[in-house]
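Structure record follows, encoded as structure tokens.
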Amino acid sequence: MTGISAEPIQRSAAPRECAWCDQPISRSDIRLPGRVRCSRCGVANTDPWPTEAELDAAYRTWYRPASGRFSGIGDAVLRRTRARLARRLDRIAPPGPVLDVGAGEGVLVTALAARGREALGVERETNRPDMRASGSADGGQWAAIVFWHSLEHLPDPGRQIDRAAGMLAPGGVVVVAVPNSASLQARLFGDRWLHLDLPLHLVHLPAGAVVERLGSLGLEVERVSHWRGGQVVFGWLHGMVAALPGLPDLYDAIRRPEARRRPISAPVRMIVLATATLLAPLAVLGAAAEVATGRGGTTYVEARRV
């Protein structure tokens, strides 16, 4: 659930309240390029906050074309990783349906159905019968509710987590994967960080805020991983490549031509990919360091209703 509109669309004023804790944004809060960090909860809010028209335009454009997003084996890798997640959900969740909030193309929904698990996806727009076009998750009791790199795209993520906790069946689990704004790579790369993704990432969550919120709702946090959230090594690679002259975009380089934010010539693309290959050992070391210190580029959390 990400993307950037190619058209300049007027945005609204600065956010008045923190989208995570609902406390007023004050002059004493920390102002950063493109965001403001709430001094009460530590979560940064995108500033200025994009209008609904801007978001609608962005999600209709380049990011998720029907032909697929990634070049080479990228889309196959996406299906494989979602299949692994489906296996885990099938193992840790009690019997019952699974809700995938921000389901994208529905890859996880398909993987769960292949395992015989009833699943429903929620996305801004969809034509699939097993997905609902909506920005919220409401109604029913669910064996598992998944926010896989979608929570940061929601205008009211704190309230959505609260609602999800109340929609779980006994023994049900909430699974969250989000970028970790307190990660080593976030601090090192700053405004070049892959997961900043302004203005489409509306909130920028430190791992501790997510864990604390889930615990405050009476859920038992069973697992916190700084590896299972995905894109940890790639976050390092993207940041290192972006630091080179001309700021080449590795994310564009691995995508299909119709799924790129900006056009990129074949020679430049090959240079970017070759550079990323050379830097891969350093990226692995960086990812290992931040995982070992509990400050990974992404955070994966499982919390159960007991």
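Values below: every heavy atom of this structure, side chains too, minus hydrogens, waters and symmetry copies. Not measured: the values here are computed from a predicted model.
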| task | Decide yes or no for Cys18 and Asp29: does some side-chain heavy atom of the first lie under 4.5 Å from some side-chain heavy atom of the second? | result | no
| Given the rule in the salt bridge (Lys or Arg N to Asp or Glu O under 4.0 Å) test, do Asp249 and Arg260 qualify, once you have shown the distances and angles that lead to the verdict? | CA-CA 10 Å; Asp249 192 321; Arg260 292 173 188 159; over 6 Å; no
| task | Walk me through it: do Glu123 and Val101 pass the test side-chain contact (heavy atoms from CB on, under 4.5 Å)? | result | CA-CA 7 Å; Glu123 190 49 76; Val101 182; over 6 Å; no
| request: Go through the structure and list residues passing side chain to side chain donor-acceptor pair (under 3.5 Å) with Thr277, not counting sequence neighbours. | output: none
| query | Below 4.5 Å, heavy atoms only, C-beta onward: do His204 and Glu152 meet side chain to side chain? | reply | no
| field | From Leu250 atom CG to Leu237 atom CG, the distance as rounded to the nearest 0.5 Å | value | 6.0 Å
| said: Can you confirm whether Gln141 sits close enough to Pro170 that some side-chain heavy atom of one is under 4.5 Å from a side-chain heavy atom of the other? | reply: yes
| message | Check the orientation of His149 and His195. Use parallel for under 30°, tilted for 30 to 60°, and perpendicular for over 60°. | response | parallel
| message | Could you walk me through whether His226 and Ser183 satisfy the side chain to side chain donor-acceptor pair (under 3.5 Å) test, starting with their C-alpha distance in whole Å, then the side-chain angles of each, then the deciding distance to 0.1 Å, before giving a yes or no? | response | CA-CA 9 Å; His226 290 273; Ser183 64; over 6 Å; no
| message | Any non-hydrogen side-chain atom of Tyr300 less than 4.5 Å from a side-chain atom of Val224? | response | no
| Would you find more than 12 non-hydrogen atoms of other residues, nucleotides or ligands less than 6.0 Å from Gln23 atom CD? | yes
| field | Exercise: identify the closest heavy-atom pair between Pro199 and Glu54 | value | CG-OE2, 3.7 Å
| task | Would you please test Leu89 and Val175 for side-chain contact (heavy atoms from CB on, under 4.5 Å) and show each step? | result | CA-CA 9 Å; Leu89 290 168; Val175 173; 3.7 Å; yes
| Within 45° cone of Phe189 ring axis and under 6.0 Å: Arg187 NZ or CZ | no
| said: Hydrophobic clustering (ILVMFWY, side-chain heavy atoms < 4.5 Å, transitive) - are Leu168 and Ile161 grouped together? | reply: yes
| request: Determine, using the 4.5 Å side-chain heavy-atom cutoff (strictly less than), whether Val203 and Val211 are members of one ILVMFWY cluster. | output: yes
| query | Are Arg117 and Asp90 close enough, and set up right, to give a salt bridge (Lys or Arg N to Asp or Glu O under 4.0 Å), and what steps lead you there? | reply | CA-CA 7 Å; Arg117 174 77 73 153; Asp90 207 24; 3.0 Å; yes
| request: Show the numbers, then the answer: is there a side-chain contact (heavy atoms from CB on, under 4.5 Å) between Ile30 and Val36? | output: CA-CA 6 Å; Ile30 300 172; Val36 55; over 6 Å; no
| request: Working to the nearest 0.5 Å, report the span between CE of Met270 and CD1 of Ile264. | output: 10.5 Å
| task | To the nearest 0.5 Å, tell me how far Trp148 CH2 sits from Thr81 OG1. | result | 7.5 Å
| task | Assess whether side-chain contact (heavy atoms from CB on, under 4.5 Å) is satisfied between Glu118 and Val98, documenting all intermediate values. | result | CA-CA 6 Å; Glu118 181 184 354; Val98 176; over 6 Å; no
| message | I'd like to know if the side chain of Asn180 reaches the main chain of Gly296, judged simply by a donor and an acceptor atom lying under 3.5 Å from each other, with no hydrogens or angles considered. | response | yes
| task | Check whether more than 12 heavy atoms from other residues, nucleotides or ligands sit under 6.0 Å from atom CZ of Arg80, and answer yes or no. | result | no
| message | Test salt bridge (Lys or Arg N to Asp or Glu O under 4.0 Å) on Arg124 and Glu52; report intermediate values, then the result. | response | CA-CA 11 Å; Arg124 291 178 67 91; Glu52 192 62 29; 2.8 Å; yes
| said: Do the side chains of Glu222 and Arg304 get close enough for a salt bridge, i.e. N-O under 4.0 angstrom? | reply: yes
| Single-linkage hydrophobic cluster Val178~Leu217, side-chain heavy atoms < 4.5 angstrom | yes
| request: Determine yes or no for a side-chain-to-main-chain donor-acceptor pair under 3.5 angstrom, with Arg305 supplying the side chain and Val173 the backbone. | output: no
| remark: Heavy atoms of Pro15 and Asn45 approach each other most closely as CG-CB, 4.2 Å
| request: Say whether, by atom type as modelled, one donor and one acceptor occur between the side chain of Arg269 and the main chain of Ala253 under 3.5 angstrom. | output: yes
| task | Please indicate whether Arg88 has more than 12 foreign heavy atoms, meaning atoms of other residues, nucleotides or ligands, lying under 6.0 Å from its CZ. | result | yes
| message | According to a hydrophobic-cluster definition based on side-chain heavy atoms being under 4.5 Å apart (Ile, Leu, Val, Met, Phe, Trp, Tyr only), do Phe147 and Leu214 belong together? | response | yes
| query | Does Leu78 reach the side chain of Val107, with side-chain heavy atoms less than 4.5 Å apart? | reply | yes
| Is there a side chain to side chain donor-acceptor pair (under 3.5 Å) between Thr110 and Arg128 once you walk through the steps? | CA-CA 11 Å; Thr110 299; Arg128 288 181 50 153; 3.0 Å; yes
| message | Could you measure the distance from the OG1 atom of Thr298 to the CZ atom of Phe234? Nearest 0.5 Å is fine. | response | 13.0 Å
| query | So, for Arg40 and Cys21, which heavy atoms are closest and what is the spacing to 0.1 Å? | reply | CB-SG, 4.4 Å
| task | Say whether Leu151 and Met131 are linked into one hydrophobic cluster, either directly or through other cluster members, by side-chain heavy-atom distances under 4.5 angstrom. | result | no
| When rounded to the nearest 0.5 angstrom, what is the spacing between OG in Ser39 and CZ in Arg37? | 10.5 Å
| task | Please report the shortest heavy-atom distance between Asp191 and Pro33, naming the atom on each side. | result | OD2-CG, 3.4 Å
| query | In Å and rounded to the nearest 0.5 Å, what is the CG to CG distance from Leu108 to Leu85? | reply | 5.0 Å
| With a 4.5 Å heavy-atom cut-off, do Pro157 and Trp20 have their side chains touching? | yes
| Gln185 backbone acceptor or donor facing Glu290 side chain under 3.5 Å | yes
| Which atom pair, heavy atoms only, marks the closest approach of Thr299 to Ala207? | OG1-CB, 3.2 Å
| note | What one should report as the nearest heavy-atom pair of Arg213 and Asp162 is NH2-OD2, 2.9 Å
| query | Do the side chains of Ile145 and Met167 get nearer than 4.5 Å, heavy atoms only? | reply | yes
| message | Counting C-beta onward and ignoring hydrogens, is there a side-chain heavy-atom pair between Val241 and Leu279 closer than 4.5 Å? | response | yes
